[in-house]
Amino acid sequence: GTPLKKIEVNKNLPVVVEAQELIYNDKKRQAVYIGSVVAQHGSTVITGDKLIIYFGPAKTRITKIVVEGNVHVKDPRGEGWCDELIYYPMQEKVVLLGNAKLKQGKNVLIGDKIIAYRDGRVEVVGLKQKVKTVIYPQESRVGNGNSTRP
Amino acid sequence: CASLPAASVQKPKKVEHVYIEPVTNRTSEEGLDVIFTRAADNAFYTDPRFKVDLIPVPDRTVVVKTTVDSISTFPVGFDSRDVARKYRMTIGVTVKLIKYGYRHPFLTFHIERYDFYDAYGTASEVEAKRKECMERIAREIFNEVGERLYVESAKEIQKR
Amino acid sequence: AASQPVEITAQKVWGNANTQVRATGKVTVKFKDVTITGNNALYDREKGILRVWGNVTVTEPPARLKCSNIVYNLKTKKAVLEKVEGWLSSTDRIKAQRVERLNEKEWIAYDGEYTPCSHSCPDWSVTAKEFKVLLGESFQGKWVAFRVKEVPILVSPYLSGPLKRKRSSGLLFPRFGYVNKDGFIYKQPLYIVLGRSADLTVTLEKRTRNGKGLEANFRYVLGKENRGELDYYQIVKKERKDWKLNFSHYYFPSDYLYGSAKASVVSSRNYYTSSTSFNVEEETQLYSKSDVTGSKLWEHAILNVNAVYLRYLNGAADTIYQKLPNVNFYLMDTPIPKTPFTFNLDSEVTYFYRKAGGSSYRLNATPAVRYSRNFGVVKESALLSYLFTSYQHGGSRHLWKFTNSLRTNRFYPLGNYALSVNPELLFTYVESKDQSNLPLFDTTDRIPGEKSLSVSVTNYLYGPKGRVARGSLSTTFNMYSQSWQSVKGDLELSPLKWLSLRETVQFSPQEGRVEFSNTYTSVSLFGVNLWSNYYYQSIPEGLRYLRWGTSVPLGRYLTFSYSQRYDLKLSQDREKEYALTVNRGCWSGVLSYRWLKTYDNTIKYQIMLRINLVKLGSYGYKLSGERNP
């Protein structure tokens with residue numbers, strides 16, 4: 001697989017969202033985007049049918065973003081598909097739910113629920129059907145025995 | 001046993017053109033290949049159903065390739081001092097019939113025949129009787145090769 | 001090479017796919033043709049190490065194993081398994097504390113039990129501190145206990161089955177026996193490897209009461225179809241020493257160039273009484289024969305060179321003319337251009353050696369011209385041959401020989417059956433000449449004159465399922481003595497699948513009696529086979545023997561067989577053999593009792609147990625005895 005570049009994530013990068021319609025509910029502190037939604041945070045791009053942003057009590061910080069329907073997420077570390085996605089910008093954690101599939105380089109992870117962390121760690125849980133992961137062994141560099149760190 | 005579906009039992013008509021290869025001897029009995037090659041010549045040249053081609057013609061000539069696989073003797077009669085005086089000799093051959101120009105045989109069969117010889121007289125006299133017994137068996141085997149070639153190959157070629 | 005992915009399915013997987021991944025809950029890992037299942041798995045991608053533990057099963061055809069845990073290095077393909085049970089291949093079954101997999105073919109097991117038996121409770125197995133298995137080939141174990149149905153029988157320091165790859169010298173399994181004259185027999189074989197393609201097995205033999213033996217068996221391989229074996233056995237007793245030499249070589253690079261050699265020389269007929277061999281055919285033969293032969297085949301000719309050495313069983317060979325060598329060239333029938341004739345040549349040069357003197361060459365050449373023609377359904381084939389013989393010490397012989405054969409073939413379809421009739425008429429004339437002043441090396445040095453007419457017919461009867469019968473009759477009318485020579489009949493009948501009959505008869509019209517006949521019948525129904533062979537001979541001495549036998553299956557693995565030879569003239573039994581044969585797949589065994597009455601009413605008996613263990617070779621125990629009247 002191609003070695004992943006180390007990404008410096010700046011937590012206070014803006015989250016940019018485009019959609020056909022936006023409904024803002026001040027009481028619930030929710031912004032609901034409907035219709036070919038595209039959301040971008042730094043180098044992470046998420047698309048889906050509907051996106052809900054939940055703001056913190058001071059309405060200045062996003063606590064979580066939920067995307068539903070044909071969700072596709074892409075960033076330098078990999079690419080994912082699922083029915084529903086929950087993104088926690090502060091912890092840079094993504095949770096994919098329902099027919100979740102995550103591709104990291106050539107490696108593929110499939111399951112009912114996938115939790116992916118910033119440092120590449122990932123958790124895959126099979127609820128209805130078993131998890132399936134396809135991992136390509138490391139290319140053993142001819143000559144030097146030790147494997148270089150990405 | 002030669003298998004022959006009775007339904008299609010009619011008289012194989014035409015004369016078969018054959019090319020005879022010298023016989024290979026896979027046993028350790030010396031000179032068996034010369035005896036069998038002579039018998040093959042004699043059998044096919046005297047059999048009315050065959051015409052021997054010196055140069056095989058593609059798609060017409062059937063190449064007859066014979067290999068002697070086994071020869072064994074078994075004592076059947078002993079004299080009053082328990083010396084074996086009568087032997088039964090059994091020789092087994094494998095015959096491959098190859099349509100000239102093809103690589104694989106269209107028919108392969110195994111024939112085993114036996115005959116008897118006595119062991120009275122000096123060692124070289126008994127050896128001569130063994131050789132005569134081999135010649136008799138070779139003649140019987142090639143008569144049967146002719147029969148099976150003619151009867152079975154006619155059926156085989158009809159299938160083509 | 002594009003590396004193969006590692007596929008992990010489980011209820012839960014976590015970790016970093018690039019460095020290390022854990023999985024738990026019905027884990028299945030697939031990598032190339034390996035499938036491992038278990039409760040937990042850890043795949044360290046960087047080191048290429050896969051660890052699975054908890055109720056693990058490993059499948060890498062042909063191996064199928066269960067174990068408590070496995071560490072499998074995907075890069076080096078080496079693996080270590082603990083508490084293992086299962087199949088390394090369809091014929092290698094093991095149970096061991098620890099197993100190391102060195103490569104696809106080589107496994108090493110520690111504190112384990114090995115068997116090729118597929119039955120749940122194995123008939124036999126071998127336990128060892130350490131043993132190495134080459135899949136499907138061999139097994140090698142240190143400190144081995146041999147167990148039959150879980151009962152340890154014997155511990156031998158080093159037990160090795162058939163070794164194909166790296167062979168090492170060592171003591172092989174000892175052999176035992178008993179001969180009531182000589183006491184217990186102990187044979188200890190020593191196996192010595194002589195380079196990559198030869199080995200020597202020296203067996204020392206000690207008989208408690210009388211007799212010391214030595215056997216040397218030397219095997220060598222020179223090439224793919226080029227190998228041989230030399231076996232020398234001698235038994236030294238107080239009263240005398242007997243020995244036997246066997247040699248065979250097989251050289252078969254192609255169907256058109258090949259050769260072989262076989263020698264069997266024995267000190268005397270007493271060898272068979274002093275050794276424990278019970279080979280009736282060898283013991284009763286008149287002489288032993290050793291020969292070397294080589295042949296070269298062309299499209300239309302064949303050259304055979306051979307040498308033959310004959311030796312009477314009482315050791316005398318001085319008076320025999322030995323063919324050392326005999327060169328024989330035969331040119332097959334070749335058409336003579338622009339003529340309807342074909343030409344063939346049979347020629348032979350032989351050097352006859354005789355210790356008692358008179359050794360010399362002989363040349364035989366027999367050119368022959370053949371004329372064959374079809375007249376409608378009849379074919380005539382006339383053969384004129386000129387027999388020329390010349391002897392080294394002067395003298396030669398010229399003889400004309402003429403044969404004329406008339407053959408036809410009639411084929412009669414008879415509904416579901418068909419009859420093929422092949423009559424032949426053969427006229428033979430051989431010029432009669434006085435050859436009394438010529439040397440007499442063998443019977444071909446005295447060819448009698450002949451003028452005869454042979455009549456023969458061979459019939460084949462075909463039925464719906466194939467050939468039912470073959471029968472032939474032949475006789476010869478001697479024109480010089482104006483008399484019919486003996487009539488020979490030969491019949492082979494298999495009317496039903498389970499019944500077959502063979503009859504050979506030679507009848508003499510002058511004396512009006514049967515000269516010899518052999519009747520063989522065989523019935524096999526529901527696995528039971530019953531056969532009988534009645535042999536009758538009137539000339540030169542009257543002999544009448546009845547041989548019969550049966551084999552009856554006693555269950556799936558066991559077969560009982562009995563055979564007997566009864567002398568009808570002296571109305572007494574001469575040979576009996578009872579045998580129980582077992583075939584359990586991973587081992588087979590024969591327990592046989594043989595009984596033989598010799599002409600001077602000595603009774604010889606032999607009890608033999610022979611066991612063949614798949615992978616470990618075969619072991620025989622013999623008990624022979626003799627009772628003089």
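Residue numbers begin at 1 in each chain, while the letters A, B, ... track the order of the sequences.
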Contact between [X] and [Y] at the side-chain level, heavy atoms closer than 4.5 Å - yes or no?
X        : Y        : answer
C:Asp255 : B:Lys65  : yes
C:Tyr599 : B:Phe78  : no
B:Phe36  : C:Ile302 : no
B:Leu54  : C:His300 : yes
C:Asp333 : B:Val52  : no
C:Ile320 : B:Thr122 : no

- Item | Toward chain C, the part of B:Asp118 with a non-hydrogen atom under 4.5 Å | neither
- Task: Check whether B:Lys129 gets within reach of chain C through its side chain, its backbone, both or neither, counting any heavy atom under 4.5 Å.
- Result: neither
- Task: Count the heavy-atom pairs under 4.5 Å between each of B:Val126, B:Val76, B:Asp41, B:Asp79 and chain C, then report the option with the highest count.
- Result: B:Asp41
- Message: I'd like to verify something: which residue of B:Tyr87, B:Phe74, B:Phe116 has the highest number of heavy-atom pairs under 4.5 Å with chain C?
- Response: B:Phe116
Do we see a donor-acceptor contact under 3.5 Å between the side chains of [X] and [Y]?
X        : Y        : value
C:Arg370 : B:Asn42  : yes
B:Glu144 : C:Tyr460 : no
B:Asp33  : C:Tyr330 : no

- Query: Between C:Tyr256 and B:Glu21, does a side-chain hydrogen bond (donor to acceptor under 3.5 Å, both in side chains) hold up when you go through it step by step?
  - Reply: CA-CA 10 Å; C:Tyr256 303 100; B:Glu21 278 210 5; 3.0 Å; yes
- Task: Spell out, as yes or no, whether a donor-acceptor pair under 3.5 Å connects the side chain of B:Thr46 to the backbone of C:Ser405.
- Result: no
- Message: Test salt bridge (Lys or Arg N to Asp or Glu O under 4.0 Å) on B:Glu147 and C:Arg467; report intermediate values, then the result.
- Response: CA-CA 11 Å; B:Glu147 176 72 15; C:Arg467 192 165 76 193; over 6 Å; no
- Message: List the residues meeting ring-ring contact (aromatic ring centres under 6.0 Å, His included) with B:Tyr120, not counting sequence neighbours, and say none if there are none.
- Response: none
- Applying side chain to side chain contact (heavy atoms under 4.5 Å, CB included) to C:Arg502 and not counting sequence neighbours gives B:Tyr114, C:Glu492, C:Tyr520
- Is it possible for you to check whether B:Lys86 lies under 6.0 Å from the centre of the six-membered ring of C:Phe516, through NZ or CZ, and within 45° of that ring's axis? yes
